[in-house]
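The chains referred to below are lettered A, B, ... by the order of the sequence lines, with proteins before strands, and numbering in each begins at 1.
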Number of protein chains: 2
Amino acid sequence: MNTRVTIVDVAARAGVAISSVSSALNNRPGVSEETRKRIVQAAQDLGFVPSLRGRSLSAKRAFAVGLVVHRDPYVLESDPFFGSFIGGIETVLDPRDYALILQMGSEPVETLDRYRSLAANRRVDGVFLSELGVDDPRVPLVRELGLPAIGVNAELDFPMPSVRQGHVEGIRELVAHFARLGHRRLALVTGPHEFIHAGQRRRAWSDAVTAEGLPGGEIVEGDFTYDGGVVAADRLLAGRAASERPTAVMCSNDLSAIGFMARAGELGARVPEDLSVAGFDGIQLGTYVRPTLTTIATTPRLLGLEAARMLLAAVDGERVADVDIEPARLVVRSSTGPAPVLR
Amino acid sequence: MNTRVTIVDVAARAGVAISSVSSALNNRPGVSEETRKRIVQAAQDLGFVPSLRGRSLSAKRAFAVGLVVHRDPYVLESDPFFGSFIGGIETVLDPRDYALILQMGSEPVETLDRYRSLAANRRVDGVFLSELGVDDPRVPLVRELGLPAIGVNAELDFPMPSVRQGHVEGIRELVAHFARLGHRRLALVTGPHEFIHAGQRRRAWSDAVTAEGLPGGEIVEGDFTYDGGVVAADRLLAGRAASERPTAVMCSNDLSAIGFMARAGELGARVPEDLSVAGFDGIQLGTYVRPTLTTIATTPRLLGLEAARMLLAAVDGERVADVDIEPARLVVRSSTGPAPVLR
DNA sequence: GACAAATACCGAAACGTTTCGGTTCTGTGT
DNA sequence: ACACAGAACCGAAACGTTTCGGTATTTGTC
């Protein structure tokens, strides 16, 4: 019973050749308006849906794109990024009848193999490259595999098209915010140096601090986790007199900022009275914790949307230009306040 | 240059017919050991990878399975479940050369359409049904579409094969834990009643409370979010004398428990001195907050692993039996303690 | 009314596998 | 020496589409 209706059924019902059906349904020229109507009608009557498999073989396309996430599941757990990012991707993929193939590799090596097998049997027509590392081995790999790819928040000299959300503006706003509040002793908690976006945020921070004419301040490396924030708070606050502690800290993502705040409280630093803390990302959780977290809000959904649009264009063989979406902006909430008066 | 090596190339090099190559490479009988070796060698020399598209068309299979997530991105954001769940799925899919197609629908209606189009062009060979609702419309739909499916944490009378992780044991352990600590005034914060697992946890709770001979206590409906926990804390604690407040509360997931704890603190209830709070899930965040969260720890990775194994079996036409994985167990941390002494 | 050009339509090949029926070959038993 | 079973191998069809070259038909021109 369950034999699907194919193009030959439609052709038979409309009394034409299958090539005509194909032309009619794909709006190719060379078929009269009259028969086109008849064919469309027949297709509709029979509930014809072109077989993806047939199309795929003939068109040499997979009609799918790939996203390989290489993260520890437990980091992913609290990661706001991919949910919204994927949501944005879907928005574009769906109307074009493309699908998203998701792979997860915890080990970096494993990840490379995923790309390799994705390419080997041509399961995808293109891939996203997100969470880029410095000298990321995936870049030469996809190039070698001849796989169209779009970089997400890549460096400016990235060798393939890339979509970016500016971080400079937001960070500059934050530093200005700190300066206006009278802070002089700043500190930064970075992400792991092997991620390029960690380095980007770090440089933007240093530039902004210099531009405001403030002292450089300490920089400690975190790891984008809650725990990393806790450890950073220990490094910057534990065993120090109030006068030696920084009064304003930016953490390179919200999760670590939240960990930082929690530990700061335990170490006797009240937020924001003694210490201002800000994050980066704009995750929901930041509006729930007390005090609510000042942050630089990103829009991963938009990033995904634009990335998908670009990838499909690249798959179609178009030359696609880099895109900069609306930069991440400062969102002031209650974890930042005036610098404490020194005794 | 980029023309892929196909089975005919292999056949030519080995000096045999393509049908023999196919037989040899798929370990079908009817080809001598000698020529099999020769064929395998030729395939290796040429770096032959069978085309998924060709196989797909011929075998009438997509070699992919689907997962449709229907959640608000912002709930997903803090959701530990899918990261690990998907990780578990991949473990099984990968060696079998299957891929996972992920779709996200925020609207329930949208979700149904996703399943429909997934089935219409046969993009997947089967799907997972997770986060089941009561009278979930997806069930009749996949049935009508003739799509193999596996339920995840479905009810016992679920009409298709399903993998479950027991929640009864852990909840019974938690209630016993509360009883042993001297708590008599209990309360439960549920999930939205339209999710079956919310109902399941609620019933298990009531049963366990009765079994321990404790008074029923209050039950308020939450929504699995941090905010829902905050609201529930207001409902149960605000404007009440200590003697009227519950002394032990279980929230139906960790995120809402964390929200509950935060608000409880603001309302002057110290955790765990005045009030014991427990969650359900076992997310990483629960080990970070202070006090660390007592919870009932689930293992979504195992759930995904088993679900994928079952789905592939179902796709192969096997009759697959339900599977119960190791139940979720109580993990006592520091958010629960002895009941306060009444004045 | 003849001829060229444009249009509508068709048939077959191509995409890369698997499968199935058929042919050739080898070896066994009589 | 012959029949015959079984193994090894082959050719072609099938899966469902798109594309391309070709033929028949219409239209337009002089």
Separation of [N] [atom2] from [X] [atom1] (nearest whole Å):
X       : N      : atom1 : atom2 : value
A:Leu46 : D:dG16 : CG    : P     : 14 Å
A:Arg28 : C:dT7  : CZ    : P     : 18 Å
B:Arg61 : D:dG16 : CZ    : C1'   : 19 Å
A:Ile18 : D:dC20 : CD1   : P     : 15 Å

Residue [X], side-chain heavy atoms: nucleotide from [options] that is nearest:
X       : options                : answer
A:Ser32 : C:dC9, D:dC9, D:dC10   : C:dC9
B:Ile7  : C:dC15, C:dT18, D:dC10 : C:dT18
B:Ser20 : C:dT17, D:dT18, D:dC10 : D:dC10

Once you apply a heavy-atom cut-off of 4.0 Å, does [X] come out as touching a base, just sugar-phosphate, or nothing?
X       : result
B:Thr35 : sugar-phosphate
B:Val8  : nothing
A:Ser22 : base
B:Arg55 : sugar-phosphate
B:Val49 : sugar-phosphate

Do A:Arg96 and A:Asp316 meet the salt-bridge criterion of a basic N to acidic O distance under 4.0 Å?
yes
Got B:Glu90 and B:Phe85 here, is their nearest side-chain heavy-atom distance under 4.5 Å?
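No, side chains not in contact.
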So do the side chains of B:Ile39 and B:Leu25 get within less than 4.5 Å of each other, counting heavy atoms only?
yes
Any donor-acceptor N/O pair under 3.5 Å between D:dG11 base and B:Ser19 side chain:
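Per atom types, the contact qualifies.
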